[in-house]
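So the structure is just underneath, and the comments pick up after that.
Residue numbers begin at 1 in each chain, while the letters A, B, ... track the order of the sequences.
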There are 2 protein chains.
Amino acid sequence: MQPNLAISTVIFALRPDENGRNTLMIPLVKRIREPHLGKWALPGGPLVGNESLDEAAARNLRETTGLTPRYLEQLYSFGAPERSAGAAAERVVSIVYWALVGTDEADRAVESENVHWLAADCLPELAFDHNLIVEYALWRLRAKLNYSRVAHGFLGEEFTLAQLREVYEIVLGRPLDKGNFRRSVEASGAIIPTGRVVAGASNRPPALYTYDKTRSLADRGPLNKPSDY
Amino acid sequence: MQPNLAISTVIFALRPDENGRNTLMIPLVKRIREPHLGKWALPGGPLVGNESLDEAAARNLRETTGLTPRYLEQLYSFGAPERSAGAAAERVVSIVYWALVGTDEADRAVESENVHWLAADCLPELAFDHNLIVEYALWRLRAKLNYSRVAHGFLGEEFTLAQLREVYEIVLGRPLDKGNFRRSVEASGAIIPTGRVVAGASNRPPALYTYDKTRSLADRGPLNKPSDY
DNA sequence: GCAAAAGTGTTTGATATACACCCATGC
DNA sequence: GCATGGGTGTATATCAAACACTTTTGC
């Protein structure tokens with residue numbers, strides 16, 4: 001008796017909350033059947049067809065939320081026998097991904113009675129073991145901010161250093177020194193000045209940057225080579 | 001049509017090679033049926049029964065090699081549709097673990113015509129995508145040496161600093177400064193002096209250490225809580 | 001000029017590295 | 001004593017953090 005295989009994704013985006021403050025948020029789907037009917041859950045679905053796991057995650061993400069991620073990475077596989085329990089439900093093993101989408105993209109997302117964005121750091125009780133999964137995804141995201149360029153996944157093509165710093169501050173939950181931040185990002189070679197600036201504000205116009213699109217956002221060692229999962 | 005689910009494990013141990021030099025080695029199993037008949041493959045098997053993924057990995061490891069790991073961690077899940085190909089074989093999704101066993105334990109391992117230890121850094125062509133998997137496991141092991149205590153997984157209860165340093169040198173493949181190594185390990189609080197020393201050699205007797213068994217070998221964030229996978 | 005945010009400079013402490021030196025043991 | 005590896009000390013470079021300062025814009 002083989003367990004069922006499903007793919008789910010923890011999707012992160014920065015969006016304004018009810019007070020207008022940018023917050024780290026996650027789109028969740030309301031359960032419309034037992035078990036855990038009515039609770040919020042991670043978007044996901046069964047693994048079918050002839051696609052790779054990455055492709056399956058991307059497709060599922062698109063179909064359930066309408067979003068296209070700027071970054072997508074496998075998180076972990078969860079398969080404790082109790083996790084899908086409740087009654088004598090069949091066992092489900094979930095291969096979970098995490099993704100980043102830009103704020104612009106997140107605004108285009110479907111939001112309905114059954115799909116909703118919730119703040120990542122104060123979630124209600126979710127279905128199954130999804131609270132643990134989100135916690136772990138958050139932990140990984142925060143760790144990865146410090147040794148990779150994943151932060152760019154939250155931003156558009158062009159951005160100012162203040163915007164990039166805001167991403168770090170929101171995700172890490174603490175203020176960062178302006179000067180030191182600039183230096184460390186510049187030293188890492190993660191950003192390229194475009195030469196353009198943002199005019200209009202009543203202060204010195206900030207310079208715009210891009211990131212090097214020929215380099216991937218995170219070093220995943222031997223898994224970097226695409227199509228090898 | 002659901003894909004089949006399997007669990008495999010990349011097992012590392014330090015063992016003397018044919019020249020007597022301690023080397024990072026992996027036990028592999030010879031394929032006794034198609035596809036990839038005759039090639040070496042990672043030990044593994046289907047996921048059955050009512051156990052968690054971790055338990056399944058540990059059990060499978062025991063049954064195929066007779067080994068009990070000192071460290072065991074999920075590595076990644078591989079599910080590219082081509083990976084199990086060859087003919088019109090059914091698709092297999094593998095949840096892969098990696099494990100460390102002590103040298104003493106490795107010596108007790110079953111070694112037969114069909115189970116063999118091979119040096120991790122010069123493997124022949126393995127079955128399926130197992131070369132990629134081993135490469136990735138190696139990458140993870142090397143990365144993790146630097147920010148966790150997993151190295152203790154290779155050693156017994158008591159060890160000298162020279163033995164611990166040897167583990168690092170073999171895995172990383174480069175010599176480390178004696179003095180600096182001692183300082184950094186001591187500063188991290190990873191080791192506890194037992195008060196005992198190793199007498200008998202024609203030099204100053206080295207002190208013996210243990211590691212703190214109440215702390216896990218690697219910080220895995222929210223996944224640290226056991227039984228939550 | 002003033003407010004505001006961009007951008008630069010400087011000082012300090014911690015950590016990594018290289019390398020020289022002393023210590024305890026068996027022979 | 002001498003060889004051998006264990007163990008300690010010290011100088012230097014590199015990096016992170018804290019914080020003061022200058023620059024450019026709109027009003």
Checking all strands, does [X] fall into the base, sugar-phosphate, or nothing category for heavy-atom contacts under 4.0 angstrom?
X: A162(A); answer: sugar-phosphate
X: A187(A); answer: nothing
X: A199(A); answer: nothing

d([atom1], [X]; [atom2], [N]) in whole Å:
X: I191(B); N: dG6(D); atom1: CD1; atom2: P; result: 14 Å
X: R174(A); N: dA18(D); atom1: CZ; atom2: P; result: 9 Å
X: E186(A); N: dA6(C); atom1: CD; atom2: C1'; result: 12 Å
X: N146(A); N: dC15(D); atom1: CG; atom2: C1'; result: 15 Å
X: K178(A); N: dT24(D); atom1: NZ; atom2: C1'; result: 12 Å
X: D177(B); N: dC21(C); atom1: CG; atom2: P; result: 15 Å
X: F181(A); N: dA16(D); atom1: CZ; atom2: P; result: 13 Å
X: Y168(A); N: dA16(D); atom1: OH; atom2: P; result: 12 Å

Short side-chain to backbone donor-acceptor contact, E73(B) and Y97(B), under 3.5 Å: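 Here the side-chain-to-backbone pair does not exist.
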OP1 or OP2 of dA16(C) under 4.0 Å from side-chain N/O of R183(B):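 For dA16(C), OP1/OP2 do not have a side-chain N/O of R183(B) under 4.0 Å.
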side-chain N/O R204(B) vs dC23(C) OP1/OP2, d < 4.0 Å: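 No.
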Separation of N60(B) CG from T65(B) OG1 (nearest 0.5 Å): 8.5 Å
A201(A) vs S184(A), nearer the 5' end of DNA chain D by closest nucleotide: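 It is S184(A), whose closest nucleotide lies nearer the 5' terminus.
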First of P206(B) and G200(A) reached from the 5' end of DNA chain D, by closest nucleotide: P206(B)
Residue among Y211(A), F181(A), Y209(A) satisfying side-chain contact (heavy atoms from CB on, under 4.5 Å) with L164(A):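 Between L164(A) and the candidates, side-chain contact (heavy atoms from CB on, under 4.5 Å) is satisfied uniquely by F181(A).
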Shortest side-chain distance from N180(B), nucleotide among dC19(C), dT8(C), dG7(D):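 Shortest atom-to-atom distance from the side chain points to dC19(C).
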P205(A) side chain, from C-beta outward: closest of dA18(C), dT25(D), dG6(D): dT25(D)
Parallel, tilted or perpendicular: rings of Y136(A) and W139(A) (30°, 60°): parallel
salt_bridge(R196(A), E158(A)) N-O dist < 4.0 Å: yes
Donor-acceptor pair (no angle test) under 3.5 Å: N203(B) side chain, dA3(D) base: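 Side chain to base: no pair present.
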